[in-house]
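Have a look at the structure below, then the notes.
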2 protein chains.
Amino acid sequence: MEPRKRPGRTPAQGGRTARPRQAEVARLAGVSQATVSLVLSPKPDGKGRLISEETRRRVLEAARSLGYVPDPAARRLAAARNNLLGVFSFTATFPTDVQHSYYPFLVGVEREAAALGYDLVLFTGSSTGGAGAAGPDALSRVRLADGCLFIGRHTPRAELKRLVEDGFPVVHLGRREELEGVAWVGADYVEATRGVVAHLAELRHRRIVLVREDDDAPASADRQRGFLEGLEAAGLASGPAAVFRSADPQRELTPERLRAWADEGVTAFVAEETDTGAAWRGLLSAVRAAGLDCPGDVSLALLGSPPSDLASEPVPTGFDIPRPQLGAAAVRLLAALVAGEEEAREPLVGCAFRPGPTTGPPRART
Amino acid sequence: MEPRKRPGRTPAQGGRTARPRQAEVARLAGVSQATVSLVLSPKPDGKGRLISEETRRRVLEAARSLGYVPDPAARRLAAARNNLLGVFSFTATFPTDVQHSYYPFLVGVEREAAALGYDLVLFTGSSTGGAGAAGPDALSRVRLADGCLFIGRHTPRAELKRLVEDGFPVVHLGRREELEGVAWVGADYVEATRGVVAHLAELRHRRIVLVREDDDAPASADRQRGFLEGLEAAGLASGPAAVFRSADPQRELTPERLRAWADEGVTAFVAEETDTGAAWRGLLSAVRAAGLDCPGDVSLALLGSPPSDLASEPVPTGFDIPRPQLGAAAVRLLAALVAGEEEAREPLVGCAFRPGPTTGPPRART
DNA sequence: TTGTATGCGTTATCAA
DNA sequence: TTGATAACGCATACAA
């Protein structure tokens, strides 16, 4: 039986012109398809040109005139590379609720990817139940890319581990030490928080309280750790009493509570930054409701950046998470993994201390 | 010559264990590779099961025990499509300056793409070297996807046309009627603006002035057209005098000018929305500087949404551009083109009228 | 109902 | 220096 023309092909392929293939470039240039491949995929092997300058020119010209672009799927199948980096977030990458946006990270991710010569594939998460929905192989689609960046707290561990075990380059944006073998890049919340505490201690605050949400995320734990370490370093009383942990700070952080603390000699509060900003919001409103002056009566600091809807307020003392830099660092690491380099870089990115008008020396006690 | 073991394979493929293939699943289940494929990729064709329940079970069991996951590259290669939609913006997709961001569109783009089973490839036109260098064939890279969405005012016409001529599915986000053959999806500024004028006319305003920037973008032209049509429909005097066009409204829109208009009987102003929001800003500050009360002395309307940094101000009367919906509509259209369907849908998306506190009946003239 | 054969577009090997 | 050719893993038309 002789070969069919195009078996395995759905009949209604669409009436449009197919994308140009290497074979067509070859015909136009009067060479073989393999030659086209050689010309078009420069070997970094350092091997000198095996193709004559003349042929080379003709092939390039033909490719250009045809608008040829290599098929990423075929490339990967042939065990080559795509120049495609994946970005996968379990929740929507562009949520309607801008509060949870990964936008600032993406700024850095895009810039760095472009600089390194990669395009980005945004794998639409399972949020909408669309592309990859919830199936166990939802994450599998990312294998189309050369490597993939994961963002968000809720990355399914098993799937991620599977990818890593298969040798697929993966980088997680955000600390993920529990996931063994998963490379990650994160902000150094511990150090940054220590810095904020040190700042308050220098101002002569003696009792400081951390307001945090009831969440087990590494980001929360890190801040608490940095907080306690900071207290110790300053020779201040630490202990669980210094941490106020609440599932709903905006409710449970009452003005009475605040006054009680003040009476006990607490002169400063630090709140963690989270998606919702609940801790900080709760703290702010409680202070106001209690009629306390800031920074006169109490100093306030935010362990992160203020929510965007509070943009009209003065920017509080705290630190800035360098999200674009984080994104860029993650891409650099991922690119290194893709290139087969051993992972050997500092995964922590420092946060810059941000002075602000919400902290000052405590009022002398009477 | 007998077949090599794994030719075309780079020798140092990595020491990692290869993932299971359909062939291995087949061996374990005692069936052929094709059968495995049949079982594992359910056809939505509605065709009943061609595979016996027994075989089916065995295959699934074998696949599970081996931890089989399909290779997306192979799958896409065989299917002759990527399930990838490109998104191309001439400026960075994620600019540092959030003002100019396409974020709201992307929200809808992502959601709809996910719903339709597509992933997104982000192309950056302005990228600094790297992937998308600035070459004339920069746009050519988008051919890697099954189709591409273009966003922004500055899409190079020639390149776009070339893509379309080659039968590559292209959709432009924003009206682009000059570019023949280029499918587009846009907001119906004409109709929306007419609505705003009608609203003012109903309030009994008799003289209304449009403040616009000196830009030839379709978006500006459409608003002007809708404005003039709205005036006519209400039986009001139109003509060029009703349009104030300025390259720098924030400078040229002086309080004196405003007073002069008021003296002439102008009781309402509408300003177009642009990237910078210059028209609206200029109008607002001039009204304030002139000491005019709004909506007492003058009614103001904004043909679009207010800039985010004016979030603290009351939201003016006007209309909302449904950006997420626009993005979604564009993706739907693009998907239809990719699927080979003839383009046959309404490219205009309506804008919702937004009542606000900045308009009211004009003060009775003395 | 299942197996066989073939090709999707690319890279890489080997012979010419 | 270039041209055949064999896979990569999967999906399908067709035969059995």
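In what follows, every heavy atom counts, from backbone to side chain, and hydrogens, waters and symmetry copies are set aside. Every chain is numbered from 1, with letters handed out A, B, ... down the list of sequences. Only a predicted model underlies this, so the values are computations on that prediction, with no experimental measurement involved.
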State whether B/Asp166 and A/Arg19 are salt-bridged, where the test is any N-O pair (Lys NZ or Arg NE/NH1/NH2 against Asp/Glu carboxylate O) under 4.0 Å.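 A/Arg19 and B/Asp166: not salt-bridged.
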Hey, could you give me each pair passing salt bridge (Lys or Arg N to Asp or Glu O under 4.0 Å) that has a residue in residues 326-340 of chain B? Not counting sequence neighbours. B/Glu112-B/Arg332
Please determine, for the side chain of [X], which listed nucleotide ([options]) has the closest atom?
X       : options               : value
B/Ile51 : C/dT10, C/dT2, D/dC10 : C/dT2
A/Tyr68 : C/dG3, C/dT10, D/dC10 : C/dT10
A/Asp71 : C/dT11, D/dT12, C/dG9 : C/dG9

Relative to the 5' end of DNA chain D, which residue comes earlier, B/Ala34 or B/Ala74, by the nucleotide with the nearest heavy atom? B/Ala74
Partners passing side chain to side chain donor-acceptor pair (under 3.5 Å) against A/Glu24 (at least two apart in sequence or in another chain): none
Is the phosphate of C/dT11 approached by A/Ser41 (side-chain N or O, under 4.0 Å from OP1 or OP2)?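 Checking A/Ser41 against C/dT11: at least one side-chain N or O falls below 4.0 Å of OP1 or OP2.
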Looking at D/dT1, I'd like to know if its phosphate oxygens (OP1 or OP2) sit under 4.0 Å from a side-chain N or O belonging to A/Ser52.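 So the side chain of A/Ser52 is outside the cut-off, no N or O lying under 4.0 Å from OP1 or OP2 of D/dT1.
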Counting neighbours of CD on B/Glu180 that are heavy atoms of other residues, nucleotides or ligands and sit closer than 6.0 Å, is the number greater than 12? no
Note down the inter-axis angle between the two ends of the helix from C/dT1-D/dA16 to C/dA16-D/dT1, five pairs each, to the nearest 10°.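 The two end axes of the helix from C/dT1-D/dA16 to C/dA16-D/dT1 meet at 40°.
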Check if the side chain of B/Gln33 and the base of D/dA11 share a donor-acceptor pair of N or O atoms closer than 3.5 Å. yes
Would you indicate what A/Val31 reaches in the nucleic acid, counting non-hydrogen atoms under 4.0 angstrom: base, sugar-phosphate, or nothing?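 Result for A/Val31 = sugar-phosphate.
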